[in-house]
Amino acid sequence: MSENIQDSPSETQKADLATGTDFIRALVESDAQTDRFGGRVQTRFPPEPNGYLHIGHAKAICLDFGIAHEHDGICILRFDDTNPETEDESYVDAILEDLQWLGFVPDEVRHSSDYFERLYEWAQHLVRVGLAYVDDQGSDEIADQRGGFGKPGLNSPFRDRTMAENLDLFHRMRDGEFPPGSRVLRARIDMQSENMQLRDPVMYRIRTAKHHRTGEEWPIYPTYDWAHGQGDAIEGVTHSLCTLEFSDNRALYEWFLGHLPLEQPAPYQTEFARLELSHTLTSKRKLKQLIDRGDVDGWDDPRLPTLRALRRRGYPAAALRDFCSFIGVSRTNSRHAIELLESFVRAELNAKAQRRMAVVRPLKLIITNWPTDEEGRPVTEYRTLMNNPENDADGTRQVPFSGELWIEQDDFRQEPPPKYFRLSPGREVRLRGGYLVTCTGAIEDGDGKTTEVHCTYDPATAGGAAADGRKVKATIHWVEANHALDATVALYERLFSADVPGERTGEPLDDLNPSSREIVTGCKVEPILGEQVAGDVVQFERLGYFAVDAENERLFHRTVGLRDEWAKIQKRQSGGS
RNA sequence: UCGGGGAUGGUGUAAUUGGCAACACAGCUGGUUCUGGUCCAGUCGUUGGGGGUUCGAGUCCUCCUCCCCGAACCA
């Protein structure tokens with residue numbers, strides 16, 4: 001199930017062009033040379049188990065694991081579970097599963113909650129040396145006293161308690177003597193600091209919620225700032241990589257570690273820009289809102305950027321990894337075009353996905369000169385088609401063919417527009433892997449809608465090549481009508497129509513694309529598609545890549561469409577630009 | 001308002017650390033092709049603004065502008 005990604009070569013040519021160095025790798029490299037950590041490199045990936053992993057996490061994962069492994073170091077998966085009110089075991093499992101799918105195996109799995117006892121000891125140490133105190137105020141008062149940008153804060157009236165009193169109170173907090181919210185332990189730093197993070201930040205709060213691992217053992221819980229760097233130090237992390245919004249927390253990270261009796265050199269934090277993608281969102285809160293409102297079906301709805309959704313949609317993990325390595329890391333806030341991600345998906349799938357034929361919007365095609373049997377039914381024969389012209393090793397398959405076929409409605413026009421190469425009266429095209437056929441006419445219903453196309457075939461063109469070397473301008477796909485399987489196809493478009501959801505109005509939901517999903521039933525697919533299993537991704541020739549749904553093997557999710565030259569031409573013709 | 005960070009084509013990332021601004025995506029043109037796919041060739045186009053140092057500046061100095069983050073007992 002898991003792949004050894006360190007040893008596997010880049011999956012695509014593009015990935016080979018990825019830059020080998022970035023500012024973080026340069027930093028790590030220089031530390032390795034100056035022997036700051038005795039030549040050791042260790043990282044960690046620290047998700048909070050309160051939501052699902054998304055494409056943004058994939059970037060961090062590739063970085064954290066990539067850097068450690070490049071230096072023969074380890075990367076620990078650490079669940080940052082310091083807030084029992086929002087965290088849950090089910091997310092732990094989901095994160096493990098998604099991480100493995102992405103292709104990474106943590107060298108160790110830990111939890112911040114493993115360190116509660118050690119953290120408690122260290123906190124007492126800080127109290128003893130006068131660097132932490134118990135504040136009896138509520139969160140509103142503390143917030144009021146914190147001041148603002150350019151406005152210094154006020155010292156808490158409890159800031160100068162004696163060490164003995166602080167220690168006693170802190171012990172009693174731990175013993176559960178006080179109600180939630182009544183007291184906190186604060187670091188005693190500087191209420192005048194221009195860095196708000198340093199204005200006596202809270203280290204412990206009192207909570208009665210049941211913790212998913214420690215149960216009711218602890219009535220007090222460390223905050224992120226008090227747990228994170230300490231967890232890094234306990235594990236032996238050397239390079240603590242996180243996103244830009246934690247930049248101001250770095251001073252606090254260093255302050256805590258600088259005042260603790262550590263045996264090893266302290267790890268240090270480096271920030272990088274988080275991954276943003278056009279036409280989508282990675283905010284947990286907003287994602288949850290989409291689900292709660294019913295805009296999407298759930299956390300694995302293929303329109304979402306969560307890893308489970310991407311997997312369900314058919315995005316190969318290798319494409320995600322290649323993409324992440326290609327975009328690199330920097331400190332510049334930016335938003336990558338989702339088209340770039342898609343180009344990696346196509347590159348990977350073009351090489352790996354087997355070809356199949358499927359007709360999404362069927363139109364009957366009758367070959368009027370096709371032989372029939374004694375009972376007047378069209379004779380069936382089997383054509384041999386390549387499973388993947390990009391990879392001979394994938395071999396061939398037999399596909400039934402007869403004089404009664406389904407073709408795509410788009411592939412016939414009674415009156416062809418300029419540059420339209422497909423079927424229309426009098427026009428000859430190739431049925432892929434079959435024969436050259438010439439359209440002799442079409443039947444319409446009362447509303448002028450074409451219901452049946454009539455053609456004659458040239459028996460001398462079996463396989464699709466004309467003996468006389470004559471060329472046709474189009475090759476279309478088909479499915480033999482009497483052997484066809486019915487299927488349903490889910491066509492996806494961008495979830496948000498705007499490049500940057502919410503840029504106009506401030507509300508991303510205003511930019512929701514109302515037609516981000518179209519479910520088409522009554523599709524006709526070749527019989528072998530009945531043998532695909534959940535998660536398989538194939539190319540429907542001329543249409544795109546499609547993934548077999550996990551529960552319904554006759555439901556195909558469109559992973560991504562093929563590049564479509566004809567669509568571009570039409571767009572230009574309709575005066576697009 | 002204070003502090004921190006950032007700005008290179010349409011988009012994103014690079015530039016041997018002061019020496020011909022490159023790569024990819026997107027676009028466009030053409031070629032190949034039994035997928036209007038793939039592939040191949042070509043093409044378009046870039047250092048936020050002013051001043052300075054220098055033979056030479058994306059890179060150094062200086063002023064300005066704009067953008068992002070920060071005032072949870074969230075992470």
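Computed over heavy atoms, backbone and side chain alike; hydrogens, waters and symmetry mates excluded. If you're wondering where the values come from, they're calculated on a predicted model, not measured in any experiment.
Base contact: Gly181(A) has a heavy atom under 4.0 Å from a base atom. Within 4.0 Å (heavy atoms only), Arg422(A) reaches at least one base atom of the nucleic acid. Residue Val429(A) is classed as having no contact, given no heavy-atom separation below 4.0 Å to the nucleic acid. Residue Glu408(A) is out of contact with every strand shown, counting any heavy-atom pair closer than 4.0 Å. Using a 4.0 Å heavy-atom cutoff across all strands shown, Arg432(A) reaches at least one base atom of the nucleic acid. Tyr420(A) comes within 4.0 angstrom of a nucleotide base, judged by non-hydrogen atoms across all strands. Residue Pro46(A) is classed as having no contact, given no heavy-atom separation below 4.0 Å to the nucleic acid. Among the heavy atoms of the strands lying under 4.0 Å from Asn249(A) is at least one base atom, whether or not backbone atoms are also near. Looking at heavy-atom distances under 4.0 Å, Tyr221(A) makes no contact with the nucleic acid at all. Within 4.0 Å (heavy atoms only), Arg146(A) reaches sugar-phosphate atoms of the nucleic acid but no base atom. Here Arg355(A) lies in heavy-atom contact (under 4.0 Å) with a base. Across all strands, Ile569(A) comes closer than 4.0 Å to base atoms (heavy-atom distances). Across all strands, Gly434(A) comes closer than 4.0 Å to no nucleic acid atom at all (heavy-atom distances). Note on Glu390(A): a base of the nucleic acid sits closer than 4.0 angstrom, heavy atoms only.
Where Thr86(A) and Lys419(A) each meet RNA chain B at their nearest nucleotide, the meeting point lying more 5' is that of Lys419(A). A residue-by-residue look at Ala462(A) and Glu194(A) shows that Glu194(A) has its nearest nucleotide of RNA chain B further toward the 5' end.
When ring centroids are compared, His279(A) and Phe496(A) stay outside the 6.0 Å threshold.
In A72(B) the base sits syn relative to the sugar, since the glycosidic angle is no further than 90° from 0.
Between the side chains of Asn83(A) and Arg207(A), not a single donor N or O lies within less than 3.5 Å of an accepting N or O. A donor and an acceptor atom, one from each side chain of Glu541(A) and Gln539(A), are nowhere located under 3.5 Å apart. With 3.5 Å as the limit, one finds no donor-acceptor pair spanning the side chains of Thr243(A) and Glu271(A).
Rounded to whole angstrom, the span from the CZ atom of Arg199(A) across to the P atom of C73(B) amounts to 13 Å. Between Met196(A) atom CE and G70(B) atom C1' there is a gap of 8 Å when expressed in whole angstrom units. At whole-Å resolution of the value, CG in Asn391(A) and P in U38(B) are 17 Å apart. Atom CZ of Phe23(A) and atom C1' of U8(B) are 17 Å apart (whole Å). Whole-Å rounding puts the Leu244(A) CG to G4(B) C1' distance at 10 Å. In this entry the distance linking OH of Tyr253(A) with P of G70(B) reads 21 Å, nearest Å. As a whole-Å value, the separation of Glu87(A) CD from A75(B) P is 7 Å. The CG-P distance, from Asp225(A) to A72(B), rounds to 13 Å in whole Å.
Separation of the P atoms belonging to U1(B) and A14(B) is 32 Å when rounded to the nearest angstrom. For the P atom pair drawn from C73(B) and A15(B), the interatomic distance equals 40 Å after rounding to whole Å. Using atom C1' as the reference point in both U65(B) and G50(B), the two lie 10 Å apart (nearest Å). A distance of about 16 Å separates the P atoms of A21(B) and G9(B), rounded to the whole Å. G51(B) and A41(B): their C1' atoms are spaced 45 Å apart (whole Å). For U11(B) and U46(B), the P atoms lie 12 Å apart once the distance is rounded to whole Å. For U35(B) and U8(B), the P atoms lie 41 Å apart once the distance is rounded to whole Å. The gap from the P atom of G58(B) to that of G49(B) amounts to 11 Å, rounded to the nearest Å.
The minimum heavy-atom distance linking Ser240(A) with Asp232(A) is given by the pair OG-OD2, 2.6 Å. Between Asn50(A) and Thr86(A), the closest heavy-atom pair is CB-O, 3.3 Å. The minimum heavy-atom distance linking His212(A) with Pro49(A) is given by the pair NE2-CG, 4.3 Å.
In this structure, Thr396(A) and Leu385(A) have side chains that are not in contact, with every pair of non-hydrogen atoms separated by 4.5 Å or more.
Between the base of C73(B) and the side chain of Arg207(A) there is a donor-acceptor pair shorter than 3.5 Å. A donor and an acceptor atom sit less than 3.5 Å apart, one in the side chain of Asp248(A) and one in the base of G3(B). Counting atom types as modelled, Arg346(A) pairs no side-chain N or O with a base atom of G37(B) as donor and acceptor under 3.5 Å.
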Do any N or O atoms of the protein come closer than 3.5 Å to N or O atoms of nucleotides 28-33 of chain B, and which pairs are they?
| from | atom 1 | to | atom 2 | distance (Å) |
| --- | --- | --- | --- | --- |
| C28(B) | OP1 | Arg572(A) | NH1 | 2.3 |

Nucleotide N/O to protein N/O under 3.5 Å, stretch nucleotides 9-12 of chain B:
| from | atom 1 | to | atom 2 | distance (Å) |
| --- | --- | --- | --- | --- |
| G12(B) | O3' | Ser334(A) | OG | 3.3 |
| G12(B) | O2' | His336(A) | NE2 | 2.2 |

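Listed by chain and number, the residues in a salt bridge (charged side-chain N to carboxylate O under 4.0 Å, His left out) with Lys524(A) are Asp486(A) (sequence neighbours excluded). Glu177(A) meets the side-chain contact (heavy atoms from CB on, under 4.5 Å) test with Arg172(A); sequence neighbours excluded.
One N or O on the side chain of Gln230(A) and one on the backbone of Trp226(A) form a donor-acceptor pair closer than 3.5 Å.
Salt bridge annotation for Lys352(A)-Glu348(A): present, with a cationic side-chain nitrogen under 4.0 angstrom from a carboxylate oxygen. With respect to Glu565(A) and Arg563(A), no salt bridge is recorded, no charged nitrogen being found less than 4.0 Å from a carboxylate O.
Pairing analysis of RNA chain B (Watson-Crick: purine N1 to pyrimidine N3 plus N6-O4 or O6-N4; G-U wobble: N1-O2 and O6-N3; both under 3.5 Å) yields stems of 3 or more pairs at B:2-7 with B:65-70, B:10-13 with B:22-25, B:27-31 with B:39-43, B:48-52 with B:60-64.
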Notebook entry, point to check: Which is it for Val237(A) and Thr43(A) under the side chain to side chain contact (heavy atoms under 4.5 Å, CB included) test, yes or no, and what are the steps along the way?
Noted result: CA-CA 5 Å; Val237(A) 165; Thr43(A) 59; 5.7 Å; no
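For residues 458-469 of chain A, the set of pairs meeting the salt bridge (charged side-chain N to carboxylate O under 4.0 Å, His left out) definition, not counting sequence neighbours, comprises Asp458(A)-Arg470(A), Asp468(A)-Arg470(A).
Phosphate proximity of U35(B) to Arg563(A): absent, as no side-chain N or O sits under 4.0 Å from OP1 or OP2. Phosphate contact (OP1/OP2 of A75(B), side-chain N/O of Thr82(A), threshold under 4.0 Å): present.
With centres under 5.5 Å and a plane angle under 30° as the test, the ring of Phe149(A) is not stacked against the base of G3(B).
Within the model, atoms NE2 of His228(A) and CZ of Arg78(A) stand 5.0 Å from one another, a figure rounded to the nearest 0.5 Å.
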